[in-house]
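Letters go in sequence order (proteins before strands), and every chain restarts at 1.
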Protein chains: 2
Amino acid sequence: MQAEAWTPPPVLLTVDLVVLTLRKGRLCVLLVERAEDPFSGMQALPGGFLNNDREEILDGARRELQEETALDIGRVHLEQLAIYGAVDRDPRDRVVSVAHLAIVPDLPEPVAGTDAKAAAWVPVEEVLSGEIDLAFDHHRIVTDGVERARSRLEFTALATAFCTEPFTIAELQHVYETVWDTELDTRNFYRKVRAATGFVVPDDAGSKSTRGRPAQLYRVGPSSTLAPPLTRPPSSEKPMREGSA
Amino acid sequence: MQAEAWTPPPVLLTVDLVVLTLRKGRLCVLLVERAEDPFSGMQALPGGFLNNDREEILDGARRELQEETALDIGRVHLEQLAIYGAVDRDPRDRVVSVAHLAIVPDLPEPVAGTDAKAAAWVPVEEVLSGEIDLAFDHHRIVTDGVERARSRLEFTALATAFCTEPFTIAELQHVYETVWDTELDTRNFYRKVRAATGFVVPDDAGSKSTRGRPAQLYRVGPSSTLAPPLTRPPSSEKPMREGSA
DNA sequence: CAAATAGTGTCTTTGAGACACTATTGA
DNA sequence: TCAATAGTGTCTCAAAGACACTATTTG
């Protein structure tokens, strides 16, 4: 620190959201089309500035999520991801972004938020591959967010956030398979889910009408952490970078 | 977002550091005594405002670390931890803190930074237990930082950041035992370290003069991630909270 | 009864923990 | 040769993967 009377430089704080869901059997991220400069007309993550200097960061994230998805908050998973503050990430001002990861269940088709902006669910592969490019450093943020989600599935009950209650074990397995982009053995999966105490609890109320034997329904269990974890098979497609900070 | 012409509220950004090291066989965190209000005279994490609005956040963290430890940067591990921005965390202004985790090797006894502030290495237990309380929300930040470090030991080569090169396997084991506050089996530990490819590489140059058989020396290996991981024994002392975001 | 989906049991291999001895140096 | 520290090998058990069959419903 320095002799005071010097005034520290203020920055602008934004909240950005990596909202993930499963649509049509694919892991998708919510993107909006920017209406203003910089990067006007380009695809970007939903987000925005805090309302005022009394608004908590997480509340701001909740508000943005609500505006974009018109969703019942409380049932959605929302966590802080990281902060992105490179000096040149916004060509005009020093803007620091607090990125959040949100997981929502499959929503009714029309996703358009209450805002007028065009909003769309885009398969994450199209973003990760670079096929679509995004404003600012949002490509990096999506990459980090997806990796966070993949990792969270191993150690936490995050997968349930993709489902609407009540759900079946098979649905849960589809979540894992889609997010990890692997195939899992049904029998081993059942065993692991049961072994993870408090992951899910049976819901002996209804049964979904289905062709074939009706499945047992479950609800979210009391544990948010999975012990033992559901380890991800090592058969990753691409070996990742090695560097550390 | 809203109709523009409205100006978003700026905030003050600080960089705070959880600097961990091993001293006298204990995991210690670097604390400074605050010279100014708020919380004047209280213990706190080292940190401060960014120098100007052109300074990268990570550079600011490096600068603060340099000022406090007078250490050769580059050899130290430094990573972003999380952002803490509760509106009431600073009684005066809206100050948002970007917390970082730094790991440094055992330093020569006098730790006093180039700054005039009193700086001290304090065993983390004294902080975690609440025996010492800290300014702002720094207790929470230390808790999160220590947990992050403990977790990082499982999956990354972070432990080497506590050592000065070259080091021995036994020294590495002491790192794990101290940070995790457990005892590990020497033979199993050797096996696991060797199994983790690229964790450490032999250094066939010198040998430390010692009483007893001299140990093989090692240097940091090429891998920053540990495969397979060195799993932490489940014998935790205190069961932790369950809640998720 | 056929098709479709749900659910379970076993075997085998691999990795983790418990455990005891040999090796090399200095005093 | 003793004390002190370094380093290794084996056995056992538990978890993980591969794998095939039974169960319950609808058309």
Side-chain angles (χ1 to χ4, degrees), chain A residues 25 153-155 159 163 166-178 180-197 199-219 225-236, chain B residues 25 153-155 159 163 166-178 180-197 199-219 225-236:
Chain A
L153 287 196
E154 296 190 78
F155 304 105
C163 303
F167 49 84
T168 69
I169 301 288
E171 284 167 5
L172 210 51
Q173 183 179 347
H174 291 324
V175 172
Y176 276 90
E177 292 183 328
T178 307
W180 283 348
D181 194 23
T182 31
E183 296 201 342
L184 299 175
D185 184 276
T186 309
R187 301 157 289 200
N188 295 337
F189 186 78
Y190 269 78
R191 181 177 27 151
K192 289 182 176 186
V193 169
R194 271 196 306 259
T197 46
F199 185 9
V200 296
V201 294
D203 174 15
D204 296 314
S207 66
K208 287 176 179 168
S209 77
T210 161
R211 176 173 169 94
R213 173 176 171 178
Q216 169 70 263
L217 297 178
Y218 294 86
R219 300 191 160 269
T225 59
L226 262 38
L230 271 88
T231 52
R232 173 163 36 159
S235 51
S236 281
Chain B
L153 286 197
E154 296 189 79
F155 303 105
C163 302
F167 50 83
T168 68
I169 301 289
E171 283 168 4
L172 211 51
Q173 184 179 346
H174 290 324
V175 172
Y176 276 89
E177 292 183 329
T178 307
W180 283 349
D181 194 22
T182 31
E183 297 201 343
L184 299 175
D185 183 276
T186 309
R187 302 157 290 201
N188 295 337
F189 187 77
Y190 269 78
R191 181 178 30 151
K192 288 180 177 187
V193 169
R194 270 196 308 259
T197 46
F199 186 8
V200 295
V201 294
D203 173 16
D204 296 314
S207 66
K208 284 177 180 168
S209 78
T210 162
R211 178 175 165 91
R213 172 176 171 179
Q216 170 71 263
L217 297 177
Y218 293 87
R219 298 188 160 272
T225 59
L226 262 38
L230 271 88
T231 52
R232 175 163 34 160
S235 49
S236 280

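Aromatic ring centres of A:F189 and A:Y176: separated by under 6.0 Å.
Residues B:L172 and B:A159 share a closest heavy-atom pair of CD1-CB, 4.0 Å.
Atom C1' of nucleotide C:dA18 and atom NZ of B:K192 are separated by 12 Å, given to the nearest angstrom. We find that CG of A:D185 is positioned 12 Å from C1' of C:dG7, with the value rounded to whole Å. For B:L184 and C:dG17, the CG to P distance is 9 Å, given to the nearest whole Å. Rounded to whole Å, the distance from CG on B:N188 to P on D:dG9 is 14 Å. Between the CG atom of A:L226 and the C1' atom of D:dA15 there is a distance of 16 Å, given to the nearest Å. For B:L217 and D:dA6, the CG to P distance is 11 Å, given to the nearest whole Å. Nucleotide D:dT5 holds its P atom 19 Å from the CD atom of B:Q216, rounded to whole Å. Between the C1' atom of C:dA18 and the CD atom of B:E183 lies a distance of 14 Å, rounded to the nearest Å.
Each of B:I169 and B:R211 has a nearest nucleotide on DNA chain D; the 5'-most of these lies closest to B:R211. Residue order along DNA chain C, read from the 5' end via each residue's closest nucleotide, puts A:T168 first among B:P229 and A:T168.
At a cut-off of 3.5 angstrom, the base of D:dA18 holds no donor-acceptor pair with the side chain of A:R187. A donor-acceptor contact under 3.5 Å is not formed by the side chain of A:R191 with the base of C:dG7.
For the pair B:Q173 (side chain) and B:L184 (backbone), a donor-acceptor distance under 3.5 Å is present. Checking side-chain atoms of A:E177 against main-chain N and O of A:E183 turns up no donor-acceptor pair under 3.5 Å.
Not one side-chain nitrogen or oxygen of A:R213 sits closer than 4.0 Å to the OP1 or OP2 atom of D:dT22. Between B:Y190 and the phosphate of D:dT8, there is no side-chain N or O to OP1/OP2 separation shorter than 4.0 Å.
Counting any heavy atom pair closer than 4.0 Å across all strands shown, A:A170 reaches sugar-phosphate atoms only and no base atom.
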Start with the C-alpha distance between A:W180 and A:E154, add both sets of side-chain angles, then the distance that settles side chain to side chain contact (heavy atoms under 4.5 Å, CB included), and finish with yes or no.
CA-CA 10 Å; A:W180 283 348; A:E154 296 190 78; 3.5 Å; yes

